[in-house]
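The next block holds one structure in the form of structure tokens; read it before the comments.
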Amino acid sequence: MRRLGRTTAVMSVSALALTGLTGLTGLAVVATPAQAADSVTTKQFGGTTGTGPTGIAVDKTGNVFTANNGGNSVTKISADGTSTAQFGGTVAGAWGIALDKAGNVYTANYANGSVTRISADGGTTAQFGTTFGNITTDLALDAAGNVYANGATLNQQPLLPGAVTKISADGATTAQFGANFGTVSQAYGIAVHNGDVFTGIDTIQTQKVMKISADGASTTQFGGALGGTPQGLAIDAAGNVFVSTSANKVMKISADGTTTAQFGGATGAGPRGIAVDSAGNVYTANFSADTVTRISADGQTTEQYGGTTGDGPWAIAIDADDNLYTANRSDKTVTKMSPVRGPLLYSSGSFGTVQVGATGKLTVTVTNSGNSPVRPTSIKAEGTGVSVTGGTCAAGTQIPAKGTCTVELAWAPTAAGALSGGTLMILYPDGAGTGEGTELTGTATAAPTPTPTPTPTPTTTLKVFSHKGPVKAGQKTVLTRKQRTDGAIKAVQARCELRGNRLPKRASDRLCHISVKRPLATATTGVRITAAPTCSKGLRISATIVAKKAGARRAVWHKAWRVTADPAIRCKISGTG
């Protein structure tokens, strides 16, 4: 079985692992070779954004939004990258950006310390609460839609310690959430996990992560010192916290907050945005190097991911299919990096031999052999009489890395011969809009010519009304007198038997005195047989009547009567007959 080919523009990670990183002081790349399955396509996504994009987010359908600090605007790029336009009205120095479940867009506004909400259709832009301090850099939403924003003061006296503001989901309530962060401080990056709020803090004395409990009652340092100014913060599904720092490294704080350590090797220069994909791999957008760094989920591999981005990647986001987007602050662009998914591997596509008029069934198992998920956009089966009848593979449903799904197929051939044009094709987006397929085969055989069932020859019916019980010696007895038949009586025979031996006619007449009367040969009834036996011992009288109608098998009636007498009369035969 052959797998149908695919075409895509592929940029190998192994070939690009060190591109653009030369000359960086203290750069260290863990010496683990990049995997070919992690090849990446890198391209500009959409047109230019507003000036100075510093925040980026992706909605559930793949639309990309950027917060443009220099342009006081939000840009929306459609999921296919064909449309780039301002979304909503003007905002005041938008820096961070986030989306709620309904698709409404929120921006953290650096210029006036506020949060703006843009409705999901872009029709309404309004201030949404007021934050703590005169600048706001980042914000995050919890599962209920409450908004949490970093706040601080800048360029005014007195300088206030940084703090987090909570704005209720309806925007009606705005209040400081948890305690402030002590001595003059600036917050960088914010995330919510299981209701708890985490943010990076830079103070005069130290750089750290602060945790505010879900009820806002507890504000404590989470983990140890970071060793550099926090630039971005992300949390994986297990609750581990990752922070990109000004020291060109990523620090990992374990989910219980007990350990704080460098995660992987050095990143590219100037890591800002940070994100975690569905497999736990960590990515940083490196502002000064125009690159993205990928650290494997186990922390053992640190490498450049894909090609170079636009100028000055500041923020980073990952969609549901692990496509990665960077907002490039210096040249007002968005870069999309897509892992090349698959290839998809198929089990046998053979229906075998199927009879014309019957339906052959086949289950094909599809395996995603790559290290990134595949989300099919369509599943097509072609070939005369071939159709998809079910299975677990479905458009819009991911096939996880190394995962499998099934496609159930049916083939109903209408003519003998090989299956014509049989293919199973699964299409999926991977940066080049390609898919993969496999050939379907089978042989149809003609249905056997049925053997005609012979028409059975009808049987003549014959019913004879006859004497019941034995015949008494010395007495005349009517053995038959009436018959019913749909044919004609063709033969009548009556005789004597002595001790099982057939008697000659003369002897039979002498011992049994049998009389047979019958109507014309065409008669259907009226045969009369009588007998008057003279002895009894060992004597028996039998009669046979045959009837037949045209085109039918004959019917034969036969019966024998025992002759009795009390006392028994011995039968004698004399003479030469």
- Task: Report the C-alpha distance between Thr199 and Asn150 in whole Å, list the side-chain angles of each, state the deciding distance to 0.1 Å, and finish with yes or no for side chain to side chain donor-acceptor pair (under 3.5 Å).
- Result: CA-CA 8 Å; Thr199 184; Asn150 286 333; 3.1 Å; yes
- Message: Testing the 3.5 Å rule here: is there a donor-acceptor pair between the side chains of Thr404 and Thr365?
- Response: no
- Item | Stepwise side chain to side chain donor-acceptor pair (under 3.5 Å) check, Ser278 with Asp322 | CA-CA 7 Å; Ser278 61; Asp322 288 344; 2.7 Å; yes
- Note on the structure: Closest non-hydrogen contact found for Thr54 with Ala315 is O-CB, 3.4 Å
- Task: Work out which heavy atom in Thr84 is nearest to a heavy atom in Thr48; give both atom names and the distance.
- Result: CG2-O, 3.5 Å
- Between Thr293 (side chain) and Gly268 (backbone), is there a donor-acceptor pair under 3.5 Å? yes
- Item | Asn104 and Ser119 side chains, donor-acceptor separation under 3.5 Å | no
- Query: Does any non-hydrogen side-chain atom of Tyr148 lie less than 4.5 Å from one of Leu139?
  - Reply: no
- Does the side chain of Arg375 come within less than 4.5 Å of Tyr428's, by heavy atoms? no
- Show your reasoning for whether side chain to side chain donor-acceptor pair (under 3.5 Å) applies to Thr309 and Thr326. CA-CA 8 Å; Thr309 66; Thr326 62; 4.7 Å; no
- Query: Heavy atoms, side chains only, cut-off 4.5 Å: are Ile399 and Pro376 in contact?
  - Reply: yes
- Would you indicate whether the side-chain heavy atoms of Thr49 and Thr333 approach each other to under 4.5 Å? no
- Message: Can you confirm whether Asp321 sits close enough to Gln398 that some side-chain heavy atom of one is under 4.5 Å from a side-chain heavy atom of the other?
- Response: yes
- Under 3.5 Å, is there a donor-acceptor pair linking the side chains of Ser254 and Asn240? no
- Which of Phe65, Phe128, Trp95 passes ring pair (Phe, Tyr, Trp, His ring centres under 6.0 Å) with Tyr106? It is Phe128
- Message: For Asp290, is there any backbone N or O sitting under 3.5 Å from a side-chain donor or acceptor partner on Thr308?
- Response: no
